[in-house]
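Below you'll find the structure, written out as structure tokens, and then a few comments.
All values below were derived from every heavy atom in this structure, side-chain atoms included, with hydrogens, water molecules and symmetry-related copies excluded. Both ligands and their constituent atoms are indexed starting at 1 by order of listing. From a predicted model like this one, the values you see are computed outputs, not experimental measurements.
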Amino acid sequence: MTEHLKIGVTGGIGSGKTTVCSIFEHLGIPVYNADNRAKQLMQEDDELKKKLRLAFGWDVYTKDDVLDRAYLAKIVFNNPPQLRILNQIVHPAVFQDYAKWVEEQASLGHPYSVKEAALLIEAKSYKELDKIIVVTCPIDIRLERITKRDGIRREEVLKRIDNQLSDRDRLKHADYVIKNSTNFSLIRQVLTLHQEFLKEIGTSKSIA
Ligand code: ATP
């Protein structure tokens, strides 16, 4: 495979992962959104669909063969063993899909690419990546942004934050931290990392 850096971007709900990734995209860097891709694969990948039907029953897809998200959500909501089964089925499919995607990006000559995933650490996805960026943002700002973006109550956001890994645990795996509060310019921080990744790829190429 051509020299290519695999970067991961993760962070808590509403920390700004997608916003950070959109800046990388503006710089011409390909971005793989693991959560969106998982949803797509659950709808399109026959092998994955078969496994989901076996685990959760035929009704997990409607008569028109569309994933019944509400039905699935009801099964896994507040049920860690069922959620674990769902993740054990979906995560390997996304891993495989990402591996194919990243190879394509490398062969297209991109020096690096970015994988965005909410559960990057939980899914042990960091093991397949070269560098991890953790996006952090004070809880108050996240609460304000998410209640506004999703039209949900603060208590609901807090519940979701409580169900996720803490920033403290996430940061144990961080190679870089992007601070997305009002005091730090996101664009400036992403640009600095962009330069660093290009430099790193340039260096390893000249050593090889
Ligand atoms: P989720 O975990 O829900 O997928 P996320 O971590 O991807 O969220 P974003 O969607 O990037 O977070 O950001 C959450 C919201 O906050 C969005 O509406 C986004 O436009 C806004 N936002 C993010 N960063 C900033 C910023 N620096 N200034 C103003 N608004 C911001």
Side-chain angles (χ1 to χ4, degrees), residues 6-43 67 69-70 72-73 76-78 80 83 86-87 90-91 93-95 97-98 101 112-126 129 131-195 197:
K6 291 179 276 182
I7 308 295
V9 170
T10 192
I13 174 172
S15 55
K17 301 178 287 296
T18 304
T19 308
V20 163
C21 286
S22 73
I23 303 172
F24 278 114
E25 265 176 339
H26 274 93
L27 293 169
I29 300 305
V31 173
Y32 182 95
N33 184 313
D35 304 328
N36 290 348
R37 194 64 190 136
K39 285 182 193 149
Q40 213 175 335
L41 289 171
M42 285 163 92
Q43 194 51 65
L67 179 71
R69 287 190 191 289
L72 187 59
V76 301
F77 184 70
N78 276 343
L83 182 60
L86 176 63
N87 285 336
V90 176
H91 286 163
V94 178
F95 269 44
D97 182 71
Y98 167 72
W101 178 88
Y112 75 95
S113 60
V114 172
K115 178 182 188 181
E116 174 190 349
L119 301 181
L120 197 84
I121 311 296
E122 294 87 330
K124 310 244 182 300
S125 181
Y126 56 88
L129 298 165
K131 301 280 178 197
I132 303 293
I133 301 171
V134 172
V135 185
T136 64
C137 180
I139 293 249
D140 280 356
I141 301 177
R142 288 162 66 189
L143 281 170
E144 198 185 309
R145 286 177 182 162
I146 293 301
T147 46
K148 205 153 112 193
R149 188 193 67 183
D150 297 348
I152 51 176
R153 291 174 341 129
R154 284 172 70 90
E155 292 71 28
E156 179 57 32
V157 186
L158 279 171
K159 209 156 55 180
R160 290 189 199 178
I161 290 175
D162 273 351
N163 282 334
Q164 290 188 331
L165 208 65
S166 67
D167 263 353
R168 201 175 150 183
D169 285 330
R170 228 178 255 119
L171 286 168
K172 287 181 191 158
H173 297 275
D175 295 292
Y176 306 97
V177 180
I178 289 185
K179 292 183 177 170
N180 183 21
S181 63
T182 43
N183 300 331
F184 295 88
S185 153
L186 266 194
I187 297 174
R188 187 163 41 82
Q189 292 176 82
V190 173
L191 272 175
T192 303
L193 290 181
H194 177 64
Q195 295 303 339
F197 298 150

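Salt-bridge formation is not detected for the pair K148/E144: no Lys NZ or Arg NE/NH1/NH2 atom is positioned less than 4.0 Å from an Asp or Glu carboxylate oxygen.
Here's the thing with L186: none of its N/O atoms is less than 3.5 angstrom from an N/O atom of ligand 1.
The heavy-atom pair separating R153 from T147 by the smallest distance is C-CG2, 3.9 Å. Smallest separation of non-hydrogen atoms from A174 and V134: CB-CG2, 3.6 Å.
Taking a 4.0 Å cut-off on heavy atoms, S181 fails to register as neighbouring ligand 1. Using a 4.0 Å heavy-atom cutoff, S15 is listed among the residues neighbouring ligand 1. Contact analysis puts G14 in contact with ligand 1, with a non-hydrogen atom separation below 4.0 angstrom.
Residue-level proximity to ligand 1 for R149 is carried by the side chain, the only part with a heavy atom below 4.0 angstrom. Residue contacts with ligand 1 for N180 involve side-chain atoms from C-beta outward but no N, CA, C or O (heavy atoms, distance under 4.0 Å).
Distances below 4.0 Å separate heavy atoms of G12 from the following atoms of ligand 1: 2 (O), 6 (O). Atoms of ligand 1 found under 4.0 Å from any heavy atom of I13 (numbered from 1 in listed order, with element): 2 (O), 3 (O). In the vicinity of G16, heavy-atom distances shorter than 4.0 Å reach the ligand 1 atoms 5 (P), 6 (O), 9 (P), 11 (O), 12 (O), 13 (O).
V157 has its side chain out of reach of R160: every pair of non-hydrogen atoms, C-beta onward, lies at least 4.5 Å apart. Considering only heavy atoms from C-beta on, L120 stays 4.5 Å or farther from K17 through its side chain. Put simply, the side chain of V20 does not reach to within 4.5 Å of the side chain of N180, judged on heavy atoms. Between H91 and K124, every side-chain heavy-atom pair lies at or beyond the 4.5 Å cut-off.
A parallel orientation is assigned to the rings of F24 and F197, their planes being inclined by less than 30° (bins at 30° and 60°). Ring geometry for Y32 versus Y98: interplanar angle over 60°, hence perpendicular rather than tilted (30 to 60°).
The nearest heavy-atom contact from the protein to atom 5 (P) of ligand 1 is K17 N, 3.5 Å. Atom 7 (O) of ligand 1 has T18 OG1, 2.8 Å as its closest protein atom, hydrogens excluded (heavy atom only). Closest to atom 26 (C) of ligand 1, if we only count protein heavy atoms, is R145 NH2, 3.2 Å. From the protein, the heavy atom lying nearest to atom 19 (C) of ligand 1 is T19 OG1, 3.8 Å.
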